[in-house]
Amino acid sequence: MSPPMARSSPLLEVRQLEVVYNHVATAVQGVSLEVADRQIVAMIGTNGAGKTTTLRAISGFLPAEDVAITDGTISFDKRPLAGRLPHDISRRGVVLVPERSKLFDTLTVQENLHFNVTRRRREIRDKVFDYFPRLGERTSQTAGLLSGGEKQMLAIGMSLVCEPKLLLVDELSLGLAPIVTEEIMGILQNINRQLGLAMLIVEQNAAAALRVASFGYVLEGGRVVFKGPCAQLMEHQDIKEFYLGGAEGKTRSYRDLRQYARKRRWWG
Amino acid sequence: MELLVSILVLGATHALLAAGIVIVYKASRIVNFAHGELAIVGAYVFYSAGLITHGQSLLLTVLATAAISALFGVAIYVALMRRLVGQPTFVAAMVTIGLAIILKAAIVVFWQSKSVGINLTRQTLYSFPSGGRLTSVDVITIGCCIVFFAALFAFFRHTRLGRQFRGAAENPLLASQRQVNVNLILALAWATAVFSATLAGVLFGSRSMLSPQSTIIGLSGLTAALVGGLDSLRGAVIGGMLVAAATYLTARLIDPALSEAVPFAILLTVMIWRPWGIYGTPEELNRV
Amino acid sequence: MFSGTPYLRVSYAETNRILPEPYQRVLVAAIAVAAIVLPAFGNAYLIYLLNLTFLAIIGSIGLNLLTGYCGQVSLGHASFLAIGAFVTAILANRYGAPVWQALPAACLVGAAVGFVVGLPALRFRGIYLAITTLAMHYAIIFILTTYQANFGSSATAGISVPAPALGPYEINGGRAWYYALLLISSGVVLFSLNLSRGYIGRAWVAIRDRDIAAASVGIPVARFKLLAFVCSATLAALAGGLGAYFMGVVTVEAYTLELAIIYLAMIIVGGMGSTAGAVLGAIFMTLLPFGIERAFEALPHAWRLGTTSYGLQEAATGVAIILFLLFEPKGLIEIYRRIAEYFERWPFRYRELQPAERR
C-alpha cells in the first residue's frame, strides 16, 4: 500500500488520533489519515467503527459533549486544528455536511442557502443552483418539508457557500434510495473535478463511496485496518466479502467473521 | 378611546418585556426568570444616570443606559450562561433565579430601596372628554414599542445576521459548522434582551414609582410571552396587549385589588388551554 | 450513596442497604450521639437555629422527592408549606384542635393540594411545569392572603397558634422542640431513604431520566408523578404545620416565592436526588444567612450600614446558588463523595483520562 500521493504535505493530516467518551469509552484508537488537495478520500466502516467520531474530532465538535481527544494531532494546511472552536474550523475551510439535522428546518430553502451569503459569495450560490437545479424550483419552501434527497442536496449547497477547501461528508446515503445516493455522489465527483475541492466521504455504503473516491480507509473498532487506492480496495477479498457483498466461494460463518475482526484488530 | 390608549400603553410595556424573554428563549431555550429584575434595575440605572448628568442631556442619559444595559447582557452571557453549556436548561433557569435575587439585592444596596420616579417630559397632549389624559410619555411608550419591534422584525427577516440568529436558535451545532460564531449570537441575544428589559423598565418607571416590589412586572412579561408563545416574537406583541387588556379591564370594571391576580390567572388558563401559546409551536413543550 | 467502592458486594440486599459500609455506620452513630447530647452544651440561640434547620430538612426532603428523584421542577413548594401552616393554624386557633388532629389534617390537605398541583405534570415537562407551579403558587398565596385579610381584627398580625400539647405534656421551649423535631426529621429521613431505594424510588428516577423509556418498561408514569407530588406536598405541609406551631404565629407574608427558591437552592446546593444531599443543603442554606450576619458583625463599622448589609446578605443567597450551579452542580454530596472515595481507595487512586491539550 503506497501513501495517497507523492506530494510533500497533504491538505488534512490526522496522526494517531485517540478519542475517549466520558473519560472511559475509547471510540477511536490511533487513527491516521491524509487527504491531499483536490482528492476524494473515502472512509468506510460499519456502525461504531469510529467514522463519525473521527469526523467530529476534525470539525471540532467534541468538547461540548464530554468527549475528549486524548492523543494525536490533526492539522489542516499545516496548521493544528485540535482545540479550535467549530466555527473557527469551518472558517478555515473545513466544512462538514453532518449525518442528521443538516438543515435549518424552519427556514426556507432560500434562507438556508443565504445563511452566510455575502456579496462576494453570490457567484457560488448561483453555482449551487447549477449543480442542483431541483433546488431552484423550491426556493420558498420550508427546508423541513423537502424530501431526503433534496435535503442532502441543499445541505451540500449550503456547505459550498461556505467556500470550503475540504468538504467532510458524513453518511450521505443515510435514508436515501440507492439511485439518489448515486446521483448525489456523481454530483460530488463533478464538483470535485470542476472546483478542485478536496473531500472526505464517510460511508457505510462502501460501494457508493469507493466508486467516486480515489483513496480509501477502512475503519474497524476505532482503528484503520486497511488503506489503499480505491481500485485496489475494491478488489480486496475481505472487503468484497464484508463491505461490498457477493464474494465468491463459500459463505463463511459468523464465527469466522468474529475471528477476522479480531485478527485485524491485533495484527492489522 | 381612553380605554384603548391605556391598554395600548400598558400593553407596549408588557410586549417589550415579553420580547426580551422570547429572544433569550429562542436563542438558548432558557426561560429568564430575572427579567423583571433586569427591567427595574435598568430603570434605576437610568435614574442614576439622569442624576449624574443633572438632567441636562437626555440623549446622553439614554445612550449611557443603553450601552450599560447591553454590556450587562453580554456580561451575563459570558460570565454565567456560557458556562452552562451541556447542562439541562432548568439549571440555567435556576441561575437566572439566582441572578434575580442578586439584582433585587442590588437595588437595596445601591439605591437603598428608595422609591423613585423617572421624569421624562410629561406634558398633556390631549384631554379626553371622560377626564383621562394622553401624555407625551404615553406617546413615547407606544412609539418606542413600535420602533423596537419594527427594527427587530426587519433584523430577523432581512439581514444575514438575523438569518444566522434564527438558524442558530434552531440548531446551534449546525450554525457553528456553517461559520457562525454561536457565542456571539447568544451574547447578542442577551444584550438585546437586557436592553429591551431596560427600555420597558424606564417606560414603566416614567409612569409609576420604582421600588424593589416593581420587579413583579417580570411576571406580567412572562405571562405575556407565554400567552403569545415563548418562541414567537409576534406572540409577544399580541400576548402583551392581551395581558394588558385583561389586567386593565379587571381593575376598571371589577376590582383593582383583583387585578394583581390577573397575570397568574391568565397564566394558569393558558397553561390549561393552550400551553404553547397563540403563535408558539407545540413541539416546544418537549424541547425543554 | 453509590460510590465507586472497591468493596465486593455479593448480593442485591447488600448493595441496597441504607448504610453499606462499616465506616458509614460509625459516622451515623457518631452524628446521632452528638445530636442527642448537644442540647446539654449548646446555648439557646444555637438550639433555635438547629430547630429551624430541622424544619428545613423536612421541607427539603419533601422537595427532593419531587424534584431530585422524580425530576419534576416545582416552584410551588412555598405554597405547600403555607397550606400546611394555615390548615394547622386555622384548626388550632379557630377550632381548638389538638396537635394530633391538626397536623395529620394539615398533611391530608397538603396531599390533596399536591395532587391538584401535580395534575399539570401529566402534560408538561421541565420549564413549562415550573411555570405552571409558579402560577399555582401565586394562586394559592392569593387565596390565603384574602383569607388572612378577612380573618379577623388581627389581619396583619396573622393567625396565632397555641403551643402543641400531647396529653399533659406541652412542647414548649427550645430543648423540647429540639428533641421533637430531631425525632420527626429523623423519621422523615428514614422514610425518604426507604422510598428511594425501593420500587417507588427507582420508578421515580426512571421517570426523571426519561419518562418515555420508563413508560415503555411498564412504569405507570402518571400515577408515579402524582405520587411524587403528593408525597412532596405532604412532607411540605408537615414542615409548614410544625413551623406554625414552632413560630406560634402564621402570616402569609412568610411564604414568598423566594422561600420556594431557597428550598430549590437547598436541594441544588446539597445535591439533587440524594437524601443526604437534601439534609446537607438544608443545613447549609438555613445557616448561611446567620453565618453571613455574623461575618458582617465582624466587619468594620462602615460596612454595617443597615439596609446595605441586609442587601448584601440577600445577595449572598443568590451568589451561593449561582456558584454551586456553576462550579459544583452535583452539590455538597459530591464533595463528600469525593472525599469518601479517596479514603475508600486509599492508598490507590485512579486518574481520569485527560484531553490532550491539557496534558
Side-chain angles (χ1 to χ4, degrees), chain B residues 25 29-31 33-34 37 79-81 83-84 86-114 212 216 219 222-223 225-226 230 257-258 260-261 263-272 275-276 284-288, chain C residues 67 71-73 75 117 119-120 123-143 145-146 149 208 211-212 257-258 260-262 264-265 267-269 272 305-327 329:
Chain B
Y25 180 84
R29 307 281 169 246
I30 293 169
V31 177
F33 284 101
E37 281 75 5
L80 304 175
M81 297 305 159
R83 293 167 194 275
L84 294 169
Q87 300 224 38
T89 51
F90 134 75
V91 173
M94 276 305 294
V95 169
T96 65
I97 289 179
L99 182 67
I101 297 174
I102 295 174
L103 287 173
K104 217 168 170 180
I107 301 176
V108 179
V109 173
F110 294 119
W111 291 279
Q112 276 76 44
S113 310
K114 259 189 310 194
I216 194 74
L219 185 65
L222 186 60
T223 309
L226 273 166
L230 263 181
L258 211 58
E260 286 168 30
F264 60 78
I266 299 176
L267 200 54
L268 271 182
T269 319
V270 171
M271 288 317 260
I272 291 164
W276 54 89
E284 281 302 318
L285 290 185
N286 288 322
R287 281 187 77 156
V288 285
Chain C
T67 307
Q72 313 295 306
V73 183
L75 284 169
V117 174
L119 287 175
R123 252 183 110 182
F124 307 129
R125 279 198 272 254
I127 228 65
Y128 281 87
L129 179 64
I131 293 169
T132 317
T133 56
L134 177 73
M136 294 280 194
H137 164 86
Y138 279 112
I140 290 171
I141 295 301
F142 184 77
I143 293 167
T145 310
T146 320
R208 174 190 70 191
D211 51 359
I212 295 169
L257 182 62
E258 276 81 8
I261 291 164
I262 286 172
L264 267 181
I267 62 169
I268 290 170
V269 166
M272 294 269 256
L305 297 166
T307 49
T308 309
S309 93
Y310 164 74
L312 289 176
Q313 284 171 34
E314 289 279 295
T317 314
V319 171
I321 296 176
I322 290 182
L323 287 183
F324 264 96
L325 284 171
L326 288 185
F327 298 109

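Just so it is clear, the structure is predicted and the values come from calculations on it, not from any experiment. Below, chains carry the letters A, B, ... as their sequence lines are ordered, and counting in each starts from 1.
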Study note, to complete from the structure: Counting heavy-atom pairs under 4.5 Å with chain C, the top scorer among T223(B), L222(B), L219(B), V270(B) is L219(B)
Do [X] and [Y] come close enough that some side-chain heavy atom pair is under 4.5 Å?
X	Y	answer
F264(B)	I141(C)	no
I268(C)	V91(B)	no
M271(B)	P120(C)	no
Y128(C)	L226(B)	yes

Check your understanding: Is F142(C) atom CZ crowded by more than 12 heavy atoms from other residues, nucleotides or ligands, each under 6.0 Å away?
Key -> yes
Part of [X] within contact of chain B (heavy atom distance under 4.5 Å):
X	answer
I131(C)	both
L119(C)	neither
F124(C)	side chain
V319(C)	both
L75(C)	side chain

Review point. Checking R83(B) side chain against F327(C) main chain: does a donor-acceptor pair fall under 3.5 Å?
Key: no
**Study point:** Contact origin within I266(B) toward chain C - heavy atom pairs under 4.5 Å
**Key:** neither
Check your understanding: Is it the backbone or the side chain of A34(B) that comes under 4.5 Å from a heavy atom of chain C, or both, or neither?
Key -> neither
**Study point:** Nearest atoms (heavy-atom pairs only) where L84(B) meets L325(C)
**Key:** CD2-O, 4.3 Å
Point to revise | Taking every non-hydrogen atom, the tightest pair across F90(B) and I127(C) | key: CA-CD1, 4.0 Å
Without placing hydrogens or testing angles, list every side-chain donor-acceptor pair under 3.5 Å for residues 93-108 of chain B, not counting sequence neighbours.
from, atom 1, to, atom 2, distance (Å)
T96(B), OG1, F33(B), N, 3.1
T96(B), OG1, A93(B), O, 2.5
K104(B), NZ, E258(C), OE2, 3.2

